[in-house]
**Student:** 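Take this structure first; my questions come after.
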Amino acid sequence: MKVGYVYDPIYLQHDTGYHVENPSRLTAIMNYLEKTGTLPRLVEIKPRAATTDELAAVHDRQYIAYVEYVARKGGAWVDADTVMSPKSFDAAVFAAGGIIRATETVMDGELDSCFGLVRPPGHHATFDRSMGFCLFNNVAVAAKYALAKYKLDRIAIIDFDVHQGNGTQEAFYDNPHVLYVSTHQFPYYPGTGQVDEIGAGAGKGTILNIPLAAGCGDAEYLQVFREVIVPKVQRYQPQLIMVSAGYDIHWIDELAQMQVTTTGLAEMAKIIRGLAAESCGGKMVFVLEGGYHLEALSTSVKATFDVLLGKDKIDDVLGPPKKRVSNPDVLSLIRQLKEIHQLY
Ligand SMILES: [Zn+2]
């Protein structure tokens, strides 16, 4: 398995001060990959800047100009959750361009899979608005790029971040060429992602929202993956699978209330690996979204790389939560989703 990663020190220059989404997230990941001897097993891919035209496939040109303007002026809070520094625009265009490069290396057959270790994250960024720590929608920009450059018909984006990727959903709501699948805590930020948000027009049925009650752990996640996501993606037959990988579902991550372990995250990656193997020759592009507990983040990203490299046994240094807070029942949700998406 040839597996790559995208990283560049420019991503550290998006300086958010004491914000939970800060450069130490990426330094923790890179240090851990180094310490565990993972980096030499991976191919390093250098990002490039996304062009304005590439960003404009997803974003309003006025909004792009505004983000650049705020950075040139020295930075500012651009919404209640998102702060910019002088270099944030450059980091953001290299984040989007980094995922474009990751996608190219996989589509060109240079690599089997590639993981973009980028920031700022992207899945909340809408057509004309920053949201939830996100400036440009990295996964959506790269998916649009791949559809055009490689004339693809079907890309699946699987988003397991604890928050629903409202920006990604918006970008492809009426687009049949992208299947967007999201598992997320609900009700929770940003408030979108109910079961009946399934896409519209030609894209009706190509949005799959799986809103999960707080407290879900490995068993619940793996059950919805196996019973809902697997048949939906199999039926769609994607030519490329992109993953909005958010590690804020880890039990020790305090930004939300899920109870997934590193082992569970690796199991989800294995299911995605299996889907990619059977539908698109294993082509996968992982994109870093959230994940704010540095040890959970770095060890779980490493476990993801191990799965991409073909390993089945991974290290789970944090183990399971001492005490499960609750065991939400996902059976009725699964039944409802099977009905809505005709997965019988
Ligand atoms: Zn998140």
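Just so you know, residue 1 is the first one in the sequence shown, and it goes up from there. Numbering of ligands and ligand atoms starts at 1, following listing order. A quick note: this is a predicted structure, and the numbers were derived from the prediction, not measured.
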**Student:** Do L294 and Y32 come close enough that some side-chain heavy atom pair is under 4.5 Å?
**Tutor:** no

**Student:** I'd like to know: is the Zn ion (ligand 1) within the 2.8 Å range of an N/O/S atom from H123, strictly under that distance?
**Tutor:** no

**Student:** Between D312 and R273, is any pair of side-chain heavy atoms under 4.5 Å apart?
**Tutor:** yes

**Student:** Could you check which N/O/S atom of D248 is closest to the Zn ion (ligand 1)?
**Tutor:** OD2

**Student:** Kindly determine whether F225 and T183 satisfy side-chain contact (heavy atoms from CB on, under 4.5 Å), including the steps that lead there.
**Tutor:** CA-CA 9 Å; F225 261 71; T183 51; 4.2 Å; yes

**Student:** Is there a side-chain contact (heavy atoms from CB on, under 4.5 Å) between I249 and M268 once you walk through the steps?
**Tutor:** CA-CA 12 Å; I249 56 175; M268 287 156 55; 3.8 Å; yes

**Student:** For the Zn ion (ligand 1), give me the closest N/O/S atom belonging to H163, just the atom name.
**Tutor:** ND1

**Student:** With respect to the Zn ion (ligand 1), what is the nearest N, O or S atom of D161?
**Tutor:** OD1

